[in-house]
Every structure is written in structure tokens, then in C-alpha cells.
Participant: 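Got a structure for you, written out below as C-alpha cells; questions coming shortly.
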Amino acid sequence: MVLKLYAVSDGPPSLSVRQALVALEVPFELINVDFGAGEHMTSDYALMNPQKEIPVLDDEGFYLSESNAILQYICDKYRPGSPLYPQDPKSRAIVNHRLCFNLSSYYANISAYTMAPIFFDYERTPLGLKKVHISLDVLETYLTRTNTSYAAANHLTIADFPLINSTMTLEAIDFDFSKYTKIHKWYNDFKVKYPDLWKISESAMKEIQHFAANPPDLTHLNHPIHPIRKIKN
């Protein structure tokens, strides 16, 4: 039975899992979750993920959420020994660290500035901008200290996917991060060296740009966390 991935087409966590599955050549069925229609808020979806977050992996009835956990799981189960998730304890620890850094800081701060104001009733503020630069500065520091070509090693790992997709949302809103030279080179090298994987991100970026120019009406969505933007008639 083929893996099923419940995902959205423009969400960085979903994109990262898709890229890992493609890179690992693991067959899967992609099931689109209609975020705008609130499909992830239903009781049926909650049976798979009580957090009602996206993505969710279905491996023959074994449901796994949290994109970091999914990335680690598919490597361990389907491609153990892959350089995408090295087995050496120190090398793996760096990969795990970068995954945690992205989730807790990099993506959290960047998406709050790039994505949240597009879909919900948030504003881009000076404090939000400061947090973006703090996160960029930290990643730039990591890349400088390790002097590696990629986020966690001198080769591609699963840590690159979420960090690439977080950074992609900056490009989507025309945010200039070129002064962070290590990040800028790593990000653009990924596009050139992995064009098939980048196509997944690029397609999402175009969607984000469309929504940025045409903010979606989500007034029907009773979201438990995010404030819904009121649409002026």
C-alpha cells in the first residue's frame, strides 16, 4: 500500500515532506487538503491529527503529523543509511538541530512576517521585521561557522528542505536578503543543483504571490487560533 500524504500546495512544512519523498524516491499519493474550505478542521481529519495541522502522513493506518517527525520517519523506515539523514551521531545531531531551529525560530519568525498577514488579520510590524533579521543572522552564523555548502553538511540533508521553504516565503514577498551572503548563495545554489525539487517550492511561491495580491476571504473559517480578516464589501 502506497504512502498517503495529506498536504497543502503552498505550506512550507508540506513542501518539505514532498521534497524529501521525491529525493528519496519513495512512492506516495498526494492528497490535497483544502485549507480555505477548512478540511483540516473537520472531525474526520482530527482522527488523523488531533492538532488539526498539516501535513499528515498515512502509512497503512499509522498516522504521523509534525513535518520534522515525518521527515525523520521516512528516512529511517524507507531509506535507512541515506546521506539525507546521516547515521553518524554528531552529523545527525546537526541535522536534528537545524530542523528544530527552523521550527522553533526561523520558520516561526519568518512565516509570522511573510505568510500570516496574507491569510489572517495580522500586520507586518517593525518588531516582526526585527525577528526576521535575527533569524537570518543566526542561520548566516551557522553557515559561516560550519563552512558547509548546505544547512547541516557539505551535502543535501532533510534539514535543507524546511529552511529552503521558509526562505522561499521571503522571496515570495520580494524581501531582499542578499546581504546574508551565505544564505543567499545556499538558497540559489539549491535552485540550480536541484531543479526538480525547487519546482515544488517555486509552484508554491507563485501561489503565495497570488494570494498576497488577492487576499483570500476566510471569513467562513472558524479558526481556533488565528484572527480572521474582515472583508470590506
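FYI, the numbering just counts along the sequence from 1.
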Participant: Examine Tyr142 together with Trp186 and report whether their ring centres are nearer than 6.0 Å.
Facilitator: no

Participant: List for me each residue that meets salt bridge (charged side-chain N to carboxylate O under 4.0 Å, His left out) alongside Glu140, sequence neighbours excluded, and say none if there are none.
Facilitator: none

Participant: Step through it carefully: locate the ring centre of His155, locate the ring centre of Tyr150, and say whether they are under 6.0 Å apart.
Facilitator: no

Participant: Could you work out, with side-chain contact (heavy atoms from CB on, under 4.5 Å) as the rule, every residue matching Leu30, not counting sequence neighbours?
Facilitator: Leu5, Ala7, Arg18, Phe28

Participant: Let's go through Asp10 and Lys206 carefully: what are the C-alpha distance in whole Å and the side-chain angles of both, what is the deciding distance for salt bridge (Lys or Arg N to Asp or Glu O under 4.0 Å) to 0.1 Å, and is it a yes or a no?
Facilitator: CA-CA 9 Å; Asp10 60 353; Lys206 290 177 180 177; over 6 Å; no

Participant: Can a salt bridge be assigned to the pair Glu60 and Lys4 using a cut-off of 4.0 Å between side-chain N and carboxylate O?
Facilitator: no

Participant: Within a 6.0 Å radius of atom NZ on Lys131, are there more than 12 heavy atoms belonging to other residues, nucleotides or ligands?
Facilitator: no

Participant: Whether the Tyr194 and Gln19 side chains hold a donor-acceptor pair (N or O, under 3.5 Å, no angle test) is what I'd like checked.
Facilitator: no

Participant: One thing to verify: whether Lys179 and Asp137 come together as a salt bridge, which I'm taking to mean a side-chain N less than 4.0 angstrom from a carboxylate O.
Facilitator: no

Participant: Indicate whether any N or O donor in one side chain lies under 3.5 Å from an N or O acceptor in the other, for Asp44 and Thr42.
Facilitator: no

Participant: Before we go on, tell me: are the rings of Phe175 and His133 under 6.0 Å apart, centre to centre?
Facilitator: yes

Participant: If we check side chain to side chain contact (heavy atoms under 4.5 Å, CB included) with Phe161, which of these qualifies: Asn102, Leu156, Leu99, Leu15?
Facilitator: Leu156

Participant: Compute the ring centroids of His40 and Tyr6, then answer whether they are less than 6.0 Å apart.
Facilitator: no

